[in-house]
There are 2 protein chains.
Amino acid sequence: MGLRERKKLKTRVALIDAALDLFLEHGYESTTIDQIAAAVDVSPRTFFRYFGSKEEVALAPATDAQDVFLSELHARPEAESPFTALAQAMRGAVAVLRDGEPEDKQRFLKARQVVEATPTIFAGQMRLMLANEQRILEEVARRRGADDLRSQFVTATFTSTIRVGLENCTVEELSDIDGMTRRLEDTFTLVDQLMVANWDR
Amino acid sequence: MGLRERKKLKTRVALIDAALDLFLEHGYESTTIDQIAAAVDVSPRTFFRYFGSKEEVALAPATDAQDVFLSELHARPEAESPFTALAQAMRGAVAVLRDGEPEDKQRFLKARQVVEATPTIFAGQMRLMLANEQRILEEVARRRGADDLRSQFVTATFTSTIRVGLENCTVEELSDIDGMTRRLEDTFTLVDQLMVANWDR
DNA sequence: TGTCATCTGTCATGGACTGACATAATCTAC
DNA sequence: GTAGATTATGTCAGTCCATGACAGATGACA
């Protein structure tokens, strides 16, 4: 990897970190692009060369996490039923975060706090999840061998499950991977109880 | 109702109609507040006295529809299970629209087209639905007698159901209440098939 | 009709975002 | 390592969304 490429990556991470810290300290709305750019010592114009919008920088960690989830999903064995594969991929994505660089973990958890504290950003995360849903749907449809209403419902139910699981996190659990994991498991268990056998086949 | 109040209502509706027409013709992003205000012959500043943001005017019909839904929900008999009450309330809300003023129906359908065509607005609608979900959750929790994970899941499943049902609408069905109704019924039927008995009790 | 409350327009401002262009840094080939 | 091509960055100007302040217009009401 050349110097130029390394520098770009470094600037990108620095912008994310600076932005998240400022968002947490002064709030998302009260933080300006100028402040973020100044903290990293780049021009405001450069900020927009790295991120398309103020929202994008706040959601960058979430976006990365979704990519991890998708690659975990595609690595699940064919034998697993769609919803099982989704749940396992989620566990895998959480594990990647848990066992990864502490800085990455910190960044992710900071981002989650910002998302929870800012309605605008929360809506943006929903938009992300919905965009992702299209790609998840492809995998579900492939495993079920049918791109129909039922595949859509399985996919939407997964999204809901994750959402409900994460919604229940207390403030402390927002900065704690294990607490997050427990909430998710509780919700997966509930789904198992409320659905008929082979509902996702 | 006094003259002043009538004038305000008229201006509000005129702004919504002008905005929706401009959004449909030139796209949401390419339409400016100035254009909307000019079309209704008010100052741009006045626009913001009626709507907090450009997004809000696009979502006004959706917001009104959600209010109708909520009042239908509270009118459902106590004997109905939570999800049944939700489904019936949805049918009721659609009926109100179907049997209402043709102008209101047109406005609603135009707004739906704008929402579908504009990712930003679509995300905004999600934000609306999530805000509403809190109020729906209260009713579900009341009927179940428990404000727990299961109540949250029932509520989230309802939201998913509506979303999946409406997502499947083709462009023509977007401007057709009956087509919309059929899609919704298909989805409700599917939920019935995939859930265990009394899953929402 | 006169007074009051409220609505509206005008003006000024700040912040998000974008295009254009010049400068500076890196990369590549020699 | 130097020249020239590539690419990143800074500066500047401009658009649009959004908001506060104030003055003038308009409906409400005694």
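Predicted model, so just to flag it, every value in this text is computed and none were measured. Throughout, protein chains are lettered first and strands after them, A, B, ... in sequence-line order, and every chain is numbered starting at 1.
Rounded to whole Å, the distance from NZ on Lys10(B) to C1' on dT8(C) is 16 Å. Atoms CZ (Phe47(A)) and P (dA8(D)) sit 17 Å apart, rounded to a whole Å. If you take CZ of Phe48(B) and P of dG9(C), they are 14 Å apart, rounded to a whole angstrom. Taking atom CG of residue Leu22(B) and atom P of nucleotide dC17(D), one finds them 12 Å apart after rounding to whole Å. Distance, Lys8(B) NZ to dA28(D) C1': 14 Å, rounded to whole Å. Going from atom CD of Glu55(B) over to atom C1' of dA16(C) covers 15 Å, rounded to whole Å. When the C1' atom of dG15(C) is taken as reference, atom CD1 of Ile33(A) falls 9 Å away, rounded to whole Å. Atom CZ of Phe51(B) and atom P of dT19(D) are 14 Å apart (whole Å).
Ring-plane geometry between Phe188(B) and Phe158(B) is classed as parallel, the angle between the planes falling under 30 degrees on a 0 to 90 degree scale with a further cut at 60.
For dA8(D), neither phosphate oxygen OP1 nor OP2 lies less than 4.0 angstrom from any side-chain nitrogen or oxygen of Tyr50(A). At the phosphate of dA18(D), neither OP1 nor OP2 sits under 4.0 Å from any side-chain N or O atom of Lys54(B). In this structure, Lys7(B) does not reach the dC7(C) phosphate: none of its side-chain N or O atoms is under 4.0 Å from OP1 or OP2.
Here the side chain of Leu3(B) is nearest to one of dT8(C), dT26(C), dG27(D), namely dG27(D). Taking every side-chain heavy atom of Arg4(B) into account, dT26(D) is the closest of dT26(D), dG19(C), dC16(D). Checking dT8(C), dA8(D), dA18(D) against the side-chain heavy atoms of Ser53(B) singles out dA18(D) as nearest. In the set dG20(D), dG10(D), dT8(C), dG20(D) carries the atom at the smallest distance from any side-chain atom of Arg45(B). When each of dT10(C), dG27(D), dT6(D) is scored by its nearest atom to the side-chain atoms of Arg49(B), the top-ranked nucleotide is dT10(C).
Taking CG of Asp17(B) as the reference point, atom CZ of Arg12(B) lies at 11.0 Å (rounded to 0.5 Å). Distance check, rounded to the nearest 0.5 Å: CD1 of Ile136(A) to CG of Leu70(A) gives 6.0 Å.
Ser30(A) comes within 4.0 angstrom of nothing in the nucleic acid, heavy atoms only. Ser43(A) comes within 4.0 angstrom of a nucleotide base, judged by non-hydrogen atoms across all strands.
Lys54(A) places a side-chain N or O within donor-acceptor distance of the main-chain N or O of Tyr28(A), the cut-off being under 3.5 Å.
In Asp178(B), the CG atom is crowded: over 12 heavy atoms of neighbouring residues, nucleotides or ligands sit closer than 6.0 Å.
Residues Asp41(A) and Gly2(B) each lie close to DNA chain D; by heavy-atom proximity, the contact nearer the 5' end of the strand is made by Asp41(A). When the nearest nucleotides of DNA chain D are assigned to Glu5(B) and Thr32(B) by heavy-atom distance, the more 5′-ward of the two goes with Thr32(B).
Partner of Tyr50(B) under the side chain to side chain contact (heavy atoms under 4.5 Å, CB included) criterion, chosen from Val57(B), Leu15(B), Val13(B), Ile16(B): Leu15(B).
A donor N or O paired with an acceptor N or O is not found under 3.5 Å between the base of dG27(D) and the side-chain atoms of Arg6(B).
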